[in-house]
A.B. asks: 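Following this message is one structure expressed as structure tokens.
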Amino acid sequence: MKQNLLKKFRKTQSGQAIVEYIIIVALVAIAAITVISLFSDRIREMFSGATEELGGETETIESSKDSLKDLGND
């Protein structure tokens, strides 16, 4: 009799833990969506600024042979 009660108790405990994890995951997802929606404009500005900085000026790319020829002339 006691063993049956212990088995039932363990099953309800594991089911309860799964529900708690699902609730935590849902709360984290809602928080992430909220933060992203609040700061989406700022994030977009930051990425575009970083892209512009990393991109630099556009230059024509010479072939390696042409650049080697130019080195000999200097």
Side-chain angles (χ1 to χ4, degrees):
M1 181 94 178
K2 286 185 180 182
Q3 290 178 350
N4 289 337
L5 290 175
L6 287 175
K7 286 181 183 179
K8 277 187 174 183
F9 181 71
R10 287 182 186 157
K11 285 182 183 179
T12 58
Q13 288 294 322
S14 67
Q16 180 181 356
I18 291 171
V19 171
E20 289 173 352
Y21 286 128
I22 291 171
I23 291 172
I24 291 171
V25 169
L27 288 174
V28 169
I30 290 170
I33 290 169
T34 304
V35 168
I36 290 171
S37 66
L38 287 175
F39 296 111
S40 63
D41 293 334
R42 178 68 181 135
I43 293 170
R44 190 176 302 118
E45 288 174 10
M46 289 172 61
F47 274 106
S48 67
T51 304
E52 289 174 11
E53 287 293 321
L54 291 174
E57 295 181 29
T58 57
E59 298 178 4
T60 57
I61 300 174
E62 299 177 2
S63 70
S64 60
K65 289 182 182 179
D66 292 337
S67 21
L68 289 175
K69 287 179 187 176
D70 291 340
L71 286 175
N73 293 336
D74 292 338

A.B. asks: CD/Glu20 to CD/Gln16 distance, rounded to the nearest 0.5 angstrom?
C.D. replies: 4.5 Å
A.B. asks: Can you spot which of Ile24, Val19, Ile18, Val25 makes a side-chain contact (heavy atoms from CB on, under 4.5 Å) with Ile22?
C.D. replies: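 It is Ile18, the one option of Ile24, Val19, Ile18, Val25 that forms the side-chain contact (heavy atoms from CB on, under 4.5 Å) with Ile22.
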A.B. asks: Do Val35 and Val28 belong to the same hydrophobic cluster, where Ile, Leu, Val, Met, Phe, Trp and Tyr are linked whenever their side-chain heavy atoms lie under 4.5 Å apart, directly or via other members?
C.D. replies: no
A.B. asks: Can you tell me how far CZ of Phe39 sits from CZ of Arg44, rounded to the nearest 0.5 angstrom?
C.D. replies: 14.0 Å
A.B. asks: Report yes or no: do Leu38 and Phe47 belong to one cluster of Ile/Leu/Val/Met/Phe/Trp/Tyr joined by side chain heavy-atom distances under 4.5 Å?
C.D. replies: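 In one cluster: yes.
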